[in-house]
Enquirer: 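Quick one: structure below, then a few questions.
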2 protein chains.
Amino acid sequence: MKRLLERIDREILAAGGKRSRSRAVVIEGFFRARDHVTIDELTRSVRESAPGIGAVTVYRTLKLLERLGYAKELDFGEGARRYESNLSPHHDHLVCRRCGTVIEFEDREIENLQVLVTRRHGFHPTAHRLEIYGFCRKCASGDSPERFR
Amino acid sequence: MKRLLERIDREILAAGGKRSRSRAVVIEGFFRARDHVTIDELTRSVRESAPGIGAVTVYRTLKLLERLGYAKELDFGEGARRYESNLSPHHDHLVCRRCGTVIEFEDREIENLQVLVTRRHGFHPTAHRLEIYGFCRKCASGDSPERFR
DNA sequence: TATTATTATGATAATGAATTTCATAATCAT
DNA sequence: ATGATTATGAAATTCATTATCATAATAATA
C-alpha cells in the first residue's frame with residue numbers, strides 16, 4: 001500500500017501536479033475503502049479522520065485517479081457513480097437488486113465472443129461494460145416470493 | 001402501427017388510465033422516431049407537430065411505456081437517458097464514441113455464458129446490460145489516428 | 001531559507017437531467 | 001350533462017456533478 005501511494009505521488013508530480021495533504025488522505029481512503037464506493041460514501045468515511053475535506057476534492061481526486069489509471073468509474077444505474085480501484089485485472093459485475101452486493105466475475109470466453117461480435121460489424125472496441133442484475137444467493141433464497149419486484 | 005397504438009390505448013384504459021391527446025402524440029412520435037432517442041430529442045421532434053407538449057409529459061409517457069413493457073431505458077453514459085422501443089427481441093449495443101452510431105447485436109452464445117456465470121455464483125439474473133464502446137467502421141477508417149482519444 | 005510561481009482547496013454557485021407540485025384541463029363513467 | 005378521476009404543463013425542487021474564485025498549500029527559484 002505504501003509503495004502504491006508513493007508511486008501515485010511520483011506520477012502526480014511527473015504530471016505537473018502537487019502532493020497535497022487532502023489529496024493524499026482521499027487517495028489512501030479510496031484504497032482502504034470497500035470497492036465500488038460512491039463519492040458520498042467515500043467523503044463520509046474520509047471525513048471521519050479529516051473532517052475538513054470538501055466533497056469537491058473527493059470528486060476531483062477520483063477523476064485524477066481515473067486519468068492516471070488507478071480507478072474506474074462504474075454506473076449501476078443508481079443515480080450516483082461508483083468507483084473501484086483498477087489494480088485487479090478486468091472483470092464484470094453481478095449486482096444484487098435487493099441488498100446491493102456486487103460480485104465480480106471474469107469470463108475469458110465472453111470476452112472473446114465480444115471481440116468476434118465487434119469484428120463482424122467492423123467495429124473497433126475500446127471498452128465495454130457488462131452488468132448482470134438480479135438477486136444474490138442470500139436474497140434469492142428468502143421465503144417470501146413477493147420480495148422480488 | 002395503428003394496431004399497436006390501439007393495443008397500447010386499450011392497456012392504458014385497462015390499467016385505469018385515460019387516453020389523452022398529448023400522450024397519444026408522444027407515443028406515436030416515439031415509435032416513429034429513430035431508436036435510442038433522448039427525451040430532449042423526442043420532445044423537440046414531437047413539438048414540431050404539437051408545439052404545446054411539455055417535456056414533463058414526454059418523461060411521464062416514456063415511463064408509462066416502460067411500465068407497460070413497450071419501451072426500454074438505455075444509458076450510454078452520456079448524462080441523459082435514451083429510450084428504445086421494446087418490440088424487437090432482446091439485443092445489446094455497440095456504441096460509437098465518435099459519431100454516436102448505435103449498432104444492435106444479438107449473440108445467443110454470450111447470453112448462454114452469462115447464465116452459466118450467474119449459476120456459478122448462485123445468482124438469479126433478471127436483466128443485464130452489455131455495451132461495447134469504440135469506433136464504428138466509418139469512424140475507425142479515418143486517416144488521422146489522433147481522432148482516437 | 002525567503003521568494004515567487006503554480007497548483008490545490010473548499011465554500012458557494014451554477015448546471016442539467018429528472019421528478020414533484022399544483023392549479024387547470026381533459027377524459028371517462030354515470 | 002354531471003361528477004369523479006386522471007393528465008397536463010409551467011414552475012419549483014431535487015440531486016449529482018462541475019465551475020468559479022478567493023485563499024491556502026506546495027514546489028521551484030534565487
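When reading the values below, keep in mind they use all heavy atoms of this one structure, side chains included, and skip hydrogens, waters and symmetry mates. A note on names: the letters A, B, ... follow the listed sequences, proteins ahead of strands, and every chain is numbered from 1.
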Enquirer: Using whole Å, what does the distance between atom P of nucleotide dA16(D) and atom CG of L74(A) come to?
Expert: 17 Å

Enquirer: One character per nucleotide, please: for nucleotides 23-30 of chain C, 5' to 3', B when the base has a protein heavy atom closer than 4.0 Å, S when only the sugar-phosphate does, - otherwise.
Expert: ----BS--

Enquirer: By the side chain to side chain donor-acceptor pair (under 3.5 Å) test, which pairs, at least two apart or in different chains, include something from residues 7-24 of chain B?
Expert: R7(B)-Y70(B), E11(B)-Y70(B)

Enquirer: From CD1 of I27(B) over to P of dA7(D), roughly how many Å is that when rounded to an integer?
Expert: 11 Å

Enquirer: Could you run down the sub-3.5 Å N/O contacts of the protein with nucleotides 17-20 of chain D?
Expert:
from	atom 1	to	atom 2	distance (Å)
dT17(D)	OP1	R81(A)	N	2.9
dT17(D)	OP2	Y59(A)	OH	2.9
dT17(D)	O3'	R81(A)	NH2	3.4
dT18(D)	OP2	R81(A)	NH2	3.3

Enquirer: Has S22(A) got a side-chain N or O lying under 4.0 Å from the OP1 or OP2 atom of dA25(D)?
Expert: no

Enquirer: Donor-acceptor pairs under 3.5 Å, side chain of residues 51-63 of chain B to any protein atom, not counting sequence neighbours: which ones?
Expert:
from	atom 1	to	atom 2	distance (Å)
T61(B)	OG1	T57(B)	O	2.7
K63(B)	NZ	E73(B)	OE2	2.6

Enquirer: Indicate yes or no: does E6(B) engage K2(B) in a salt bridge with an N to O separation below 4.0 Å.
Expert: yes

Enquirer: My understanding is that only residues two or more places apart in sequence, or in another chain, count here; which of them pass ring pair (Phe, Tyr, Trp, His ring centres under 6.0 Å) with H90(A)?
Expert: H128(A)

Enquirer: Ignoring backbone atoms, test whether T57(A) places a side-chain nitrogen or oxygen under 4.0 Å from the OP1 or OP2 oxygen of dA8(C).
Expert: no

Enquirer: I'd like a table of donor-acceptor pairs (distance under 3.5 Å, sequence neighbours excluded) in which one partner is a side-chain atom from residues 100-107 of chain A, with atom names and distances.
Expert:
from	atom 1	to	atom 2	distance (Å)
E104(A)	OE2	H36(A)	NE2	3.0
E104(A)	OE2	H91(A)	NE2	3.3
D107(A)	OD1	E109(A)	N	3.0
D107(A)	OD1	I110(A)	N	3.0
D107(A)	OD2	R120(B)	NH2	3.4

Enquirer: Applying salt bridge (Lys or Arg N to Asp or Glu O under 4.0 Å), can you list everything that pairs with D35(A), at least two apart in sequence or on another chain?
Expert: none

Enquirer: Hydrophobic clusters join Ile, Leu, Val, Met, Phe, Trp and Tyr when side-chain heavy atoms are under 4.5 Å apart, directly or via other members; which others share one with V115(A)?
Expert: none

Enquirer: dA8(C) P sits how many Å from L65(A) CG, rounded?
Expert: 13 Å

Enquirer: Identify, with sequence neighbours excluded, every residue that meets salt bridge (Lys or Arg N to Asp or Glu O under 4.0 Å) alongside R137(B).
Expert: none

Enquirer: Rounded off to whole Å, could you give me the CZ-to-C1' distance for the R47(B) and dA10(D) pair?
Expert: 11 Å

